[in-house]
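Residues: numbered from 1 along the sequence shown.
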Amino acid sequence: MAKEKKGVRLEHISKIYKDPKTKKDFYAVNDVEINIEPGSFVTLLGPSGCGKTTTLRMIAGFESPDAGSIYLGGEKIDELTPNKRDTAMVFQSYALLPHYNIFDNVAYGLKLRKLPKDEIKKKVTDILKLVGLEGMESRMTNQLSGGQQQRVALARALVIEPGVLLFDEPLSNLDAKLRVSMRTEIRRIQQEAGITAVYVTHDQSEAMSISDQIIIMKSGVVAQIGSPEEIYYRPKNEFVADFIGDANFLKGKMVAHEGAEGIVEVNGVKVRVADAAHVKDGADTTIVLRPESTVLADEGYLPCRVILSCFMGAYQNYHVMVGDTRLIVADYNPKGKKIYQAGDQAYIRFEAGNAHVM
């Protein structure tokens with residue numbers, strides 16, 4: 001749908017607000033650099049107050065940066081008002097016109113641009129087909145479900161053929177099941193339209209399922225940028241590892257290297273980890289283990305004591321103590337396997353490639 005695929009580039013962007021209680025200035029966004037490739041789906045992810053929505057609003061033009069520059073394609077857009085930028089926003093609240101039917105809601109932006117009626121009708125019909133609302137043109141928005149309202153908001157943004165589509169937590173008002181189906185639809189529509197998308201959410205699974213790249217933010221700065229796989233399997237720090245999914249952390253010391261692999265001593269036991277060339281011998285280090293990458297066994301690397309054993313259907317959920325450290329183990333497809341009970345002694349086992357060392 002987009003006439004041109006455009007990327008977004010943020011160069012050393014900062015935004016300063018004044019705290020209403022302390023009256024002191026603080027950085028909502030602090031020296032952020034981001035390069036979003038044309039046609040990609042990029043998600044800004046992080047806890048409340050991390051700066052993700054402020055960053056999105058600066059791209060849209062609803063906020064102005066106090067430092068740095070924003071580029072859309074090759075054009076610097078810092079001074080442009082929102083309506084002069086080649087962007088469209090899908091809001092959390094949908095922002096539909098309640099007294100208009102679906103057709104008139106979607107056509108609103110085209111009418112403001114004074115396009116011919118025949119062209120408006122064709123564009124609206126085409127976009128409603130893309131979002132799955134074909135044949136519902138005359139229905140009023142107050143007769144629609146939440147998911148249908150979200151599709152109307154998406155169609156209204158897409159129909160003006162923006163270079164970049166912006167999403168401000170668009171699914172937060174939907175129930176859990178509908179959120180899952182709608183995020184899949186948003187991804188399908190974005191790929192079919194070939195449009196660049198910047199999406200804000202605090203939902204980790206939502207970000208993982210739809211993104212080409214995830215930008216994790218914390219306290220106004222970028223903590224890590226990478227594909228969902230990179231963020232999940234190779235987090236740069238404990239904040240990122242703990243924010244995406246469940247993570248276990250084992251403290252240890254790097255005692256030796258064998259090629260790219262490392263030997264880490266944990267509680268007096270030496271364990272092997274992959275991709276450890278960046279950690280020097282003798283350095284204190286942290287091993288990140290995902291619950292599904294570890295299993296319990298009668299023999300293994302690290303002795304542990306089971307403190308919780310819970311059948312979850314698809315997996316057996318264990319909580320175990322390795323020394324003073326609590327670990328979570330998710331043993332999938334437990335049928336026919338030995339089930340350990342609270343109080344049992346066992347061992348943690350994992351492949352070197354499933355352990356990420358920081």
Side-chain angles (χ1 to χ4, degrees), residues 45 175-181 183-184 187 201-211 214 216 226-235 237-252 261-276 285-358:
L45 176 68
D175 62 61
K177 189 173 183 180
L178 188 54
R179 284 184 71 146
V180 173
S181 62
R183 75 192 188 198
T184 303
R187 179 58 162 157
T201 184
H202 61 270
D203 187 316
Q204 300 95 318
S205 60
E206 196 167 288
M208 294 282 282
S209 66
I210 60 179
S211 307
I214 297 174
I216 295 188
S227 69
E229 292 83 1
E230 289 169 339
I231 296 289
Y232 190 77
Y233 289 121
R234 295 187 294 279
N237 51 56
E238 289 192 27
F239 170 77
V240 173
D242 200 35
F243 194 77
I244 291 287
D246 292 320
N248 298 309
F249 302 104
L250 285 170
K251 303 294 184 180
E261 291 190 342
I263 308 298
V264 179
E265 186 173 298
V266 180
N267 289 350
V269 179
K270 293 178 179 177
V271 297
R272 187 178 297 271
V273 296
D275 298 323
T285 189
T286 300
I287 298 174
V288 181
L289 285 173
R290 297 294 181 181
E292 72 277 7
S293 68
T294 59
V295 295
L296 293 188
D298 291 338
E299 296 179 349
Y301 305 133
L302 294 168
C304 66
R305 178 173 57 86
V306 179
I307 59 173
L308 174 71
S309 177
C310 183
F311 178 66
M312 301 297 293
Y315 64 96
Q316 190 75 18
N317 182 37
Y318 295 109
H319 287 206
V320 303
M321 297 299 296
V322 176
D324 296 328
T325 303
R326 179 194 292 251
L327 303 185
I328 301 171
V329 177
D331 193 354
Y332 277 82
N333 195 22
K335 187 176 182 180
K337 296 181 181 178
K338 178 177 178 178
I339 302 299
Y340 294 87
Q341 303 299 333
D344 287 350
Q345 299 294 321
Y347 287 84
I348 291 285
R349 295 183 64 136
F350 56 87
E351 299 293 330
N354 288 331
H356 174 69
V357 65
M358 298 187 299

Pairing residues for Lys270 by the salt bridge (charged side-chain N to carboxylate O under 4.0 Å, His left out) criterion, not counting sequence neighbours:
none

Pairing residues for Val269 by the side-chain contact (heavy atoms from CB on, under 4.5 Å) criterion, not counting sequence neighbours:
Val271, Leu302, Pro303

Where do Ser309 and Ala342 come nearest, in terms of heavy atoms and distance?
CB-N, 4.3 Å

CA sep, side-chain torsions, deciding dist, call: Cys304, Leu296, side chain to side chain contact (heavy atoms under 4.5 Å, CB included)
CA-CA 9 Å; Cys304 66; Leu296 293 188; 3.9 Å; yes

Value for CD1 (Ile328) from OG1 (Thr294), rounded to nearest 0.5 Å, stands at 9.5 Å

Working to the nearest 0.5 angstrom, can you tell me the gap between Phe243 CZ and Ile231 CD1?
11.0 Å

Interatomic spacing from CG in Leu289 to CG in Asp246 - rounded to 0.5 Å:
13.0 Å

Which distance, rounded to the nearest 0.5 Å, do you find between the CE of Met321 and the CG of Leu308?
12.5 Å

Closest approach of Ser211 and Pro228, non-hydrogen atoms and distance?
O-CG, 3.4 Å

Atom pairs and distances, donor-acceptor, side-chain atoms in residues 332-340, under 3.5 Å, two or more places apart:
unit_1, atom_1, unit_2, atom_2, d
Lys337, NZ, Asp331, OD1, 2.9
Lys337, NZ, Tyr332, O, 2.8
Lys338, NZ, Asp298, OD1, 2.9
Lys338, NZ, Asp298, OD2, 3.4
Tyr340, OH, Asp298, N, 3.1
Tyr340, OH, Asp298, OD1, 2.7

Can you sort out the partners of Arg272 under salt bridge (charged side-chain N to carboxylate O under 4.0 Å, His left out), two or more places apart, ordered by chain and number?
Glu258, Glu261

Pairs of donor and acceptor atoms involving the side chains of residues 343-358, under 3.5 Å and at least two apart or interchain, shall be tabulated with distances.
unit_1, atom_1, unit_2, atom_2, d
Asp344, OD2, Gln341, N, 2.8
Arg349, NH1, Glu299, O, 3.3
His356, NE2, Pro235, O, 2.8

Side chains of Lys251 and Thr325 in contact at under 4.5 Å (non-hydrogen atoms):
no

Of the non-hydrogen atoms in Tyr315 and Ala330, which two are nearest, and what is the gap between them?
CD1-CB, 3.8 Å

Could you tell me which residues satisfy salt bridge (charged side-chain N to carboxylate O under 4.0 Å, His left out) with Arg179, sequence neighbours excluded, listed by chain and number?
Asp203, Glu206

More than 12 heavy atoms from other groups under 6.0 Å of OH on Tyr233:
no

Within a 6.0 Å radius of atom CG on Asp175, are there more than 12 heavy atoms belonging to other residues, nucleotides or ligands?
yes

Where do Thr201 and Arg183 land on the side chain to side chain contact (heavy atoms under 4.5 Å, CB included) test, with the steps shown first?
CA-CA 11 Å; Thr201 184; Arg183 75 192 188 198; over 6 Å; no

So, taking the atom named CD1 in Ile287 and the one named CG in Leu250, what distance separates them when rounded to the nearest 0.5 Å?
5.5 Å

Nearest 0.5 Å, what's the CG-CG distance between Asn237 and Asp242?
10.5 Å

